K.L.:
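This structure is in structure tokens; I'll ask about it shortly.
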Amino acid sequence: MKNKKTLVLGASTKPERYSFKAITLLVEKGHSVLAIGQKAGEVAGVKIQTKAIPLKNIDTITLYLNPLRQRDYYNYIVESKPKRVVFNPGTENPEFYQLLELNAIKVDVACTLVLLTTNQY
């Protein structure tokens, strides 16, 4: 399996949150993980940053932010040039899909947890 450097945007230290579960499973599956959330903390050895961090060679950004909160990150995500952005359930955002596609970034409306557990990540 190829290591896909992934940013989890909307990360949480609360175990019941899907972003927490995604970080844990990404680490278990051997992917390099970065995380940005509202509160600093740590999940599965991954430090959660509270501000945008410089990104290089990022494969995937997986979103756990509602469409309104995503707006603050539009430029950041586009300028990071990920290969794809995963819109998890509840984060669907057709306005942002267009912007990403105009910048040759793949849009994946899916669940990161499902992709990982079915080896489609």
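The structure displayed is predicted, hence computed values, not measured ones. Computed from heavy atoms alone, side chains included, the values below leave out hydrogens, waters and symmetry copies. Numbers here are sequence positions counted from 1.
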K.L.:
Within this structure, what is the OG1-NZ distance for the pair T6 and K29, rounded to the nearest 0.5 Å?
P.N.:
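Between T6 OG1 and K29 NZ, I get 13.0 Å after rounding to 0.5 Å.
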
K.L.:
Provide the closest heavy-atom pair for P82 versus I77 in the form atom of the first, atom of the second, distance.
P.N.:
CD-O, 3.2 Å

K.L.:
Please find the pair of heavy atoms, one from V43 and one from T13, that lie closest to each other, and give the distance.
P.N.:
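That would be CG2-CA, 3.9 Å.
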
K.L.:
With a 4.5 Å cut-off on side-chain heavy atoms, are Y76 and L55 touching?
P.N.:
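Yes, side chains in contact.
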
K.L.:
Find out whether Y73 and I61 are in side-chain contact, i.e. whether some heavy atom of one side chain is under 4.5 Å from a heavy atom of the other.
P.N.:
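No. Closest side-chain heavy atoms not under 4.5 Å.
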
K.L.:
What distance do L116 atom CG and K4 atom NZ have between them, rounded to the nearest 0.5 Å?
P.N.:
9.5 Å

K.L.:
How long is the gap from CG on D59 to CG on N3, to the nearest 0.5 Å?
P.N.:
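Separation between the atoms: 8.5 Å.
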
K.L.:
So which heavy atom on K21 is nearest to which on P15, and how close?
P.N.:
CE-O, 3.5 Å

K.L.:
Could you go step by step and tell me if Q70 and E95 meet the side-chain contact (heavy atoms from CB on, under 4.5 Å) rule?
P.N.:
CA-CA 11 Å; Q70 291 170 23; E95 172 187 274; over 6 Å; no

K.L.:
On a heavy-atom basis, which atom in A110 and which in L115 lie closest, and how many Å separate them?
P.N.:
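Of all heavy-atom pairs spanning A110 and L115, the closest is CB-CD1, 3.9 Å.
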
K.L.:
Would you mind telling me which of K83, R84, H31 makes a side chain to side chain donor-acceptor pair (under 3.5 Å) with T60?
P.N.:
R84

K.L.:
For the atom pair OG1 (T112) and CG (L25), what is the distance rounded to the nearest 0.5 Å?
P.N.:
9.5 Å

K.L.:
Closest approach of L65 and R69, non-hydrogen atoms and distance?
P.N.:
CD2-NH1, 3.2 Å

K.L.:
List the steps and the verdict of side-chain contact (heavy atoms from CB on, under 4.5 Å) for V109 and Y97.
P.N.:
CA-CA 9 Å; V109 181; Y97 302 164; 3.3 Å; yes

K.L.:
Show the numbers, then the answer: is there a side-chain contact (heavy atoms from CB on, under 4.5 Å) between L100 and F87?
P.N.:
CA-CA 12 Å; L100 292 167; F87 288 83; 3.7 Å; yes

K.L.:
To the nearest 0.5 Å, what is the distance between OG on S12 and CD1 on I23?
P.N.:
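So the gap between those two atoms works out to 8.0 Å.
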
K.L.:
Aromatic rings F96 and Y74: how do their planes relate, parallel, tilted or perpendicular, breaks at 30° and 60°?
P.N.:
parallel

K.L.:
Is there a path of hydrophobic side-chain contacts, each under 4.5 Å between heavy atoms of I, L, V, M, F, W or Y residues, that connects L63 with I53?
P.N.:
yes

K.L.:
How about Y18 and N88: do any of their side-chain heavy atoms sit closer than 4.5 Å?
P.N.:
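No. Closest side-chain heavy atoms not under 4.5 Å.
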
K.L.:
What are the two closest non-hydrogen atoms of V46 and A35, and how far apart are they?
P.N.:
CG1-CB, 4.0 Å

K.L.:
Is the closest side-chain heavy-atom distance between K5 and L34 below 4.5 Å?
P.N.:
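Heavy-atom side-chain distance check passes, below 4.5 Å.
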
K.L.:
Quick check for you: to the nearest 0.5 Å, what is the distance between I58 atom CD1 and S32 atom OG?
P.N.:
8.5 Å

